[in-house]
Amino acid sequence: MNLANRITLARIFLVPIIMFFLLVNMDVKPIRFEDFSITYNQIVAVLIFIIAASTDGLDGYIARKNKIVTNLGKLLDPLADKVLVAAVLISLVEMDKLDAWIAVVIICREFAVTGLRQIALLENQVIAASKWGKWKTAVQITMIIALLLNNFPFTFIDVRFDLIVSWAAAVITVYSGIDYFIKNKNLIPIA
């Protein structure tokens, strides 16, 4: 197994560790500043999430640069991204930090675009990530980090950045999904 695929697998293996730190109560006093508090678990979880999310582009870059792109990597990379985001979104809903409808919109869009990509593969076509898909990923990761950090540092200036970026993630997610389907409508079988 090559280095790029190992990095991708590491991202998948980090998912249950992130969830453990988010969902298991370790009964440790949180860090507090005025009206802001955060648990040590959340700090560890967000650091691991940032590491995992940052490997998203790294594995593909290494594979292309070293000409070690494999079918396994093509399968695992998008799967790892979706598992990471979906697991953290579900954890955030469980922690009552994210409205369930936003998590459902994001996860459903991922299933829909993945299905479209599978149809394209059956037709020997590849649907590359669009600029809107890349923006969607960036905004979703920003949203997740803001929620995991309890809106730090924006809470000190009384700006609900976490809420703003959550709505932005929902809107961009829907728009990018529609964009994929419009640009690839020729792949959708019409009965």
Side-chain angles (χ1 to χ4, degrees), residues 8 11-12 14-23 35-39 41-61 76-118 127-184:
T8 303
R11 188 161 65 249
I12 293 170
L14 288 175
V15 169
I17 297 169
I18 294 168
M19 291 183 71
F20 172 81
F21 281 103
L22 289 178
L23 301 176
D35 294 333
F36 174 79
S37 73
I38 189 167
T39 64
N41 316 28
Q42 283 175 269
I43 294 170
V44 172
V46 77
L47 290 174
I48 297 170
F49 175 79
I50 290 169
I51 290 167
S54 66
T55 65
D56 179 23
L58 180 63
D59 53 4
Y61 171 78
L76 285 181
D77 184 55
L79 177 67
D81 301 341
K82 286 158 187 44
V83 167
L84 175 66
V85 169
V88 175
L89 291 176
I90 292 166
S91 298
L92 288 166
V93 170
E94 172 70 18
M95 297 166 66
D96 204 26
K97 292 184 171 291
L98 179 67
D99 289 337
W101 73 267
I102 293 176
V104 169
V105 163
I106 292 170
I107 293 168
C108 286
R109 181 261 186 217
E110 297 303 333
F111 279 124
V113 172
T114 298
L116 182 64
R117 284 193 162 117
Q118 292 301 314
I127 298 175
S130 71
K131 70 175 181 179
W132 286 107
K134 292 177 182 179
W135 272 103
K136 178 249 347 158
T137 300
V139 173
Q140 285 177 3
I141 288 171
T142 303
M143 173 195 71
I144 289 169
I145 293 169
L147 291 168
L148 290 176
L149 290 176
N150 298 339
N151 200 39
F152 177 83
F154 300 97
T155 191
F156 295 115
I157 56 173
D158 203 27
V159 172
R160 289 297 314 269
F161 178 75
D162 56 346
L163 183 63
I164 294 166
V165 76
S166 294
W167 276 90
V171 169
I172 291 173
T173 296
V174 170
Y175 183 83
S176 70
I178 291 169
D179 183 57
Y180 275 108
F181 277 88
I182 289 173
K183 287 181 178 172
N184 297 284

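On a predicted model such as this, the values are computed, not experimentally measured, just so you know.
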Next on the checklist: Just verifying a value: how many Å separate Ile172 CD1 and Arg109 CZ, rounded to the nearest 0.5 Å?
Outcome noted: 11.0 Å
Item to check | CD1-CG distance between Ile51 and Leu14, expressed to the nearest 0.5 angstrom | outcome: 7.5 Å
Checklist entry - Hey, does the side chain of Tyr180 reach the backbone of Tyr175 with a donor-acceptor pair shorter than 3.5 angstrom? => result no
Item to check | Nearest heavy atoms of Val105 and Thr173, plus distance in Å | outcome: O-CG2, 4.2 Å
Item to check | Distance (rounded to the nearest 0.5 Å) between Leu148 CG and Met143 CE | outcome: 9.0 Å
Checklist entry - Does Asp162 use its side chain to pair, donor to acceptor, with the backbone of Asn151 at less than 3.5 Å? => result no
Checklist entry - What pairs with Ser166 under side-chain hydrogen bond (donor to acceptor under 3.5 Å, both in side chains), at least two apart in sequence or on another chain? => result none
Checklist entry - Will you find, in the side chains of Thr137 and Gln140, an N or O donor that is under 3.5 Å from an N or O acceptor? => result no
Checklist entry - So, are Arg117 and Glu110 salt-bridged, with charged N and O less than 4.0 Å apart? => result no
Checklist outcome for this item: Residues passing the ring-ring contact (aromatic ring centres under 6.0 Å, His included) test with Phe181, sequence neighbours excluded, are none
Next on the checklist: Within the structure provided, determine whether Lys82 and Phe111 are in side-chain contact (heavy-atom separation under 4.5 Å).
Outcome noted: no
Next on the checklist: If you count heavy atoms of other groups shown closer than 6.0 angstrom to CZ of Phe156, is the number above 12?
Outcome noted: yes
Checklist entry - Looking only at heavy atoms, which two atoms of Ser176 and Gly133 are closest? And how far apart? => result CB-N, 4.1 Å
Item to check | Student check: side-chain heavy atoms of Met95 and Leu23 closer than 4.5 Å | outcome: yes
Item to check | Phe49 and Ile141, any side-chain heavy atoms less than 4.5 Å apart | outcome: yes
Next on the checklist: Is there a side-chain contact between Phe36 and Asn150 in this structure, where contact means two heavy atoms from C-beta onward sitting under 4.5 Å apart?
Outcome noted: yes
Checklist entry - Got Asn41 and Leu22 here, is their nearest side-chain heavy-atom distance under 4.5 Å? => result no
Item to check | Residues which pass ring-ring contact (aromatic ring centres under 6.0 Å, His included) with Phe161, listed by chain and number, not counting sequence neighbours | outcome: Phe154
Item to check | Heavy-atom pair of closest approach, residues Ala103 and Leu98 | outcome: CB-CD2, 4.1 Å
Checklist outcome for this item: One should read off an interatomic distance between Leu163 CG and Ile102 CD1, to the nearest 0.5 angstrom, of 7.5 Å
Checklist outcome for this item: CG of Leu89 to CG of Asp99, rounded to nearest 0.5 Å, is 12.0 Å
Item to check | Minimum heavy-atom distance Val113-Gly177, with the two atoms named | outcome: CG2-CA, 4.2 Å
Next on the checklist: Just verifying a value: how many Å separate Lys136 NZ and Asp179 CG, rounded to the nearest 0.5 Å?
Outcome noted: 12.0 Å
Checklist entry - Going by heavy atoms in the side chains, are Gln42 and Thr39 under 4.5 Å from each other? => result yes
Item to check | Least distance between heavy atoms, Ala100 atom then Val93 atom | outcome: CA-CG2, 3.8 Å
Next on the checklist: Any heavy-atom pair between the side chains of Leu84 and Ile18 that's under 4.5 Å?
Outcome noted: yes
Checklist entry - Is the closest basic N to carboxylate O distance between Arg11 and Asp81 below 4.0 Å? => result yes
Next on the checklist: Quick check against the 3.5 Å criterion: does Thr55 have a side-chain atom that pairs as donor or acceptor with the backbone of Ala52?
Outcome noted: yes
